[in-house]
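See below for the structure under consideration.
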Amino acid sequence: MSLMIRRESARATSPSQGSQPRRPQEGKPYTAQEVVGFAMGACAMYYVFVAASAYGDFQGDSHDYLTIAAGMKREAFALANYHYLRGLLYPWFLSATWGKEGFLTYFIQVTLFLTSFYFALRVLALNSIYCLLPIAAALIPAVVFLQRQIYPDGLLMSLTLMFLVCLAKRRWTACAALGVALGLTKLIFACVIPVGFVVFLFTKRLISSTVLAWSITAALISLPVCVVLFSYAFVDLGYMAIFARPYSHGYALEEVFPDKELQVTCRGTHYRIPRKDLYFDPITVPSAVAAYGPLTQEQAGTLGCTEPDMRLMKRSLLMAGFARNPLFHTKLAAEHIGRSLAGAYYIGHLSYILRYRQNLWLAHYNSLSYLAPYELTLLEEYKKDGFQVAEKERPLSFVLNEFSVSAGEPLVRAAALGGLGWCLMLGARRGRLRELAHDPVNIGIALFLIVYSYLVGLSAPFIYDRYTYVNLVVLCILAARIAAMMLSSKATARRL
């Protein structure tokens with residue numbers, strides 16, 4: 001009886017296990033899983049905050065995607081209208097989810113990224129303390145703002161992370177389905193299909209790491225040939241890569257396009273157009289494509305040029321442009337590949353949009369409008385006492401964007417590259433490089449970074465941040481994975 005009384009009194013005096021969260025004992029360190037879980041929770045809250053802070057861009061590509069989506073909703077879109085630069089899946093996604101104000105579209109984009117990123121940390125980065133590095137990359141305001149855009153790049157990042165997770169779990173059917181979805185969203189991301197196939201062959205021991213290394217080396221050596229072949233196949237992008245890319249790197253228009261006149265044949269008639277009448281805006285102003293090359297739409301219509309005539313003209317111009325200095329164009333393509341591999345870029349499009357939204361906010365918003373007339377009369381009195389109320393205040397996401405552009409993002413990139421290099425050197429000292437090189441997940445992640453960066457170097461006249469943020473996040477995940485594999489597990493149990 002006394003034993004029962006003591007038990008009941010103990011239950012009454014001690015809190016129930018389910019009523020309060022379990023707290024670590026005094027002096028006991030937090031585990032890596034607890035730290036990463038807290039950081040991931042903060043990351044999710046931050047995404048909601050930034051997504052609600054400002055609208056994305058509604059110009060340029062966004063207008064094109066919404067126009068295609070509107071055609072799909074009216075059932076006026078046909079496959080004949082498909083263009084490889086816009087894809088099919090994302091306009092369909094907009095048409096199916098936008099509703100009245102687009103809340104569901106943004107909600108799905110943010111939720112899908114957070115879900116795929118969570119699984120990537122657990123499966124790819126091994127849920128170690130080093131997951132803090134990719135979390136820091138995901139917290140870059142421009143990366144967060146990617147999910148608030150009417151661009152497919154946010155969706156592409158989420159699907160890519162899910163593809164790599166399925167690759168690590170060896171869910172080959174899911175990998176194939178995600179590869180098709182990525183290719184239908186943006187053609188360049190169809191590269192994940194051969195990446196998945198190579199990893200499948202490697203896991204079945206049908207291909208060796210030596211063959212992979214020699215294949216990558218051969219592809220890098222054949223870069224000039226690939227530039228020519230890609231430009232020939234994708235004339236619109238090839239024209240911009242041969243002419244607009246050098247101009248964006250500081251070369252004069254006369255060096256890029258030295259021809260004194262343009263010779264073009266339209267509907268069997270040969271024309272000579274002097275240089276002063278040519279249209280160079282697609283070269284001098286950042287643009288996705290030059291639909292009419294150095295001609296305006298009106299000039300092409302007046303000459304009666306058909307689409308095959310335009311394609312033939314641009315193809316002859318870009319081939320002549322490459323032949324003038326092949327080493328120069330190869331060097332520029334190699335520079336683009338290197339920047340893409342590091343998750344770097346030349347044009348910070350998303351950070352510019354955030355800065356643009358900040359300027360509009362400060363120009364139109366007045367925080368004093370929320371105050372009552374009597375409160376306004378008190379502000380001067382408060383100001384004299386040293387308690388000034390700001391008339392213009394920026395949301396925190398705008399402030400963080402300025403810090404990220406100047407310091408935060410370069411630090412994350414340097415940490416990823418430096419940490420990866422240090423772990424590889426440590427692995428070489430310990431004789432464990434073979435272990436890293438024969439890990440199928442490492443091969444899959446590295447292959448994606450190399451193949452996608454290679455294609456970006458071939459196809460992108462300008463490297464925007466939204467093209468390569470996926471590389472930055474994946475690179476940080478790879479660095480975290482290598483660190484977790486190389487470093488002692490005791491390091492993950494450090495006391496905070």
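The shown structure was predicted, so the numbers you read here are calculated from the model rather than taken from an experiment. By convention here, the first residue in the shown sequence is residue 1.
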State whether the number of non-hydrogen atoms from other residues, nucleotides or ligands found under 6.0 Å of [X] atom [atom1] is greater than 12.
| X | atom1 | result |
| --- | --- | --- |
| F107 | CZ | no |
| R122 | CZ | no |
| F280 | CZ | yes |
| W172 | CH2 | yes |
| H63 | NE2 | no |
| F230 | CZ | yes |

Look at the side chain of [X] and the backbone N and O of [Y], then say whether any donor-acceptor pair between them is shorter than 3.5 Å.
| X | Y | answer |
| --- | --- | --- |
| S116 | L112 | yes |
| S95 | W92 | yes |
| T111 | I108 | no |
| R245 | A460 | yes |
| K314 | A291 | yes |
| Q147 | V144 | no |
| R357 | G56 | yes |
| N442 | A437 | no |
| R481 | L124 | yes |
| H329 | P224 | no |

Can you find a pair of side-chain heavy atoms, one from [X] and one from [Y], that are under 4.5 Å apart?
| X | Y | answer |
| --- | --- | --- |
| Y469 | E409 | yes |
| F93 | T105 | yes |
| D281 | T284 | yes |
| L420 | L475 | yes |
| P246 | L332 | yes |
| Y464 | F462 | yes |
| F234 | S459 | no |
| L156 | P152 | yes |

Walk me through it: do I347 and D465 pass the test side-chain contact (heavy atoms from CB on, under 4.5 Å)? CA-CA 6 Å; I347 301 176; D465 51 4; over 6 Å; no

Can you measure from [atom1] ([X]) to [atom2] ([Y]) and round to the nearest 0.5 angstrom?
| X | Y | atom1 | atom2 | answer |
| --- | --- | --- | --- | --- |
| R148 | Y47 | CZ | OH | 14.0 Å |
| Y46 | I135 | OH | CD1 | 14.0 Å |
| I353 | D57 | CD1 | CG | 4.0 Å |
| L178 | C166 | CG | SG | 5.0 Å |
| L89 | L159 | CG | CG | 7.5 Å |
| L126 | I477 | CG | CD1 | 11.0 Å |

The test is side-chain contact (heavy atoms from CB on, under 4.5 Å); show your working for M40 and F117 and say whether it passes. CA-CA 9 Å; M40 186 64 203; F117 185 62; 3.7 Å; yes

Quick one: closest heavy-atom pair of [X] and [Y], and the distance?
| X | Y | value |
| --- | --- | --- |
| I463 | A344 | CG2-O, 3.8 Å |
| S351 | A142 | N-CB, 4.1 Å |
| L458 | A241 | O-CB, 4.2 Å |
| A168 | V123 | CB-CG1, 3.7 Å |
| F322 | V227 | CE1-CG1, 3.7 Å |
| V199 | P440 | CG1-O, 4.0 Å |

Tell me whether the guanidinium CZ or amine NZ of R339 lies under 6.0 angstrom from the six-membered ring centre of Y346 and within 45° of its axis.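 Judged by the rule, R339 and Y346 form a cation-pi pair.
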
Is NZ or CZ of R86 both nearer than 6.0 Å to the six-membered ring centre of Y65 and within 45° of the ring axis?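 The answer is yes; both the distance and angle limits are met.
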
Of the options V228, I221, L229, which is the one that meets V225 in a side chain to side chain contact (heavy atoms under 4.5 Å, CB included)?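 Only one of V228, I221, L229 forms a side chain to side chain contact (heavy atoms under 4.5 Å, CB included) with V225, namely L229.
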
Partner of F448 under side chain to side chain contact (heavy atoms under 4.5 Å, CB included), chosen from V474, L167, I443: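 Output: one option passes, namely V474.
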
Partner of Y452 by ring pair (Phe, Tyr, Trp, His ring centres under 6.0 Å), out of Y467, F163, F189: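 The option that passes is F189.
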
Ring pair (Phe, Tyr, Trp, His ring centres under 6.0 Å) partner of F257, the single match among Y239, Y251, F243, Y279: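 Filter result, single survivor: F243.
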
Do Y90 and Y151 make the cut of ring centroids closer than 6.0 angstrom?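 Ring-ring flag for Y90/Y151: false, centres at least 6.0 Å apart.
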
Are Y106 and W98, when compared by the centres of their aromatic rings, separated by less than 6.0 Å?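 Yes, the ring centres sit under 6.0 Å apart.
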
Give the C-alpha distance, both sets of side-chain angles, the deciding distance and a yes or no for side-chain contact (heavy atoms from CB on, under 4.5 Å) between D61 and R466. CA-CA 12 Å; D61 292 357; R466 56 191 177 94; 3.0 Å; yes

With the threshold set at 4.0 Å, does a side-chain nitrogen-carboxylate oxygen contact exist between D236 and R315?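 No, no charged N to carboxylate O under 4.0 Å.
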
So, T468 versus S340: side-chain donor-acceptor pair below 3.5 Å or not?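 No, because no side-chain N or O of T468 sits under 3.5 Å from a partner of the opposite role on S340.
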
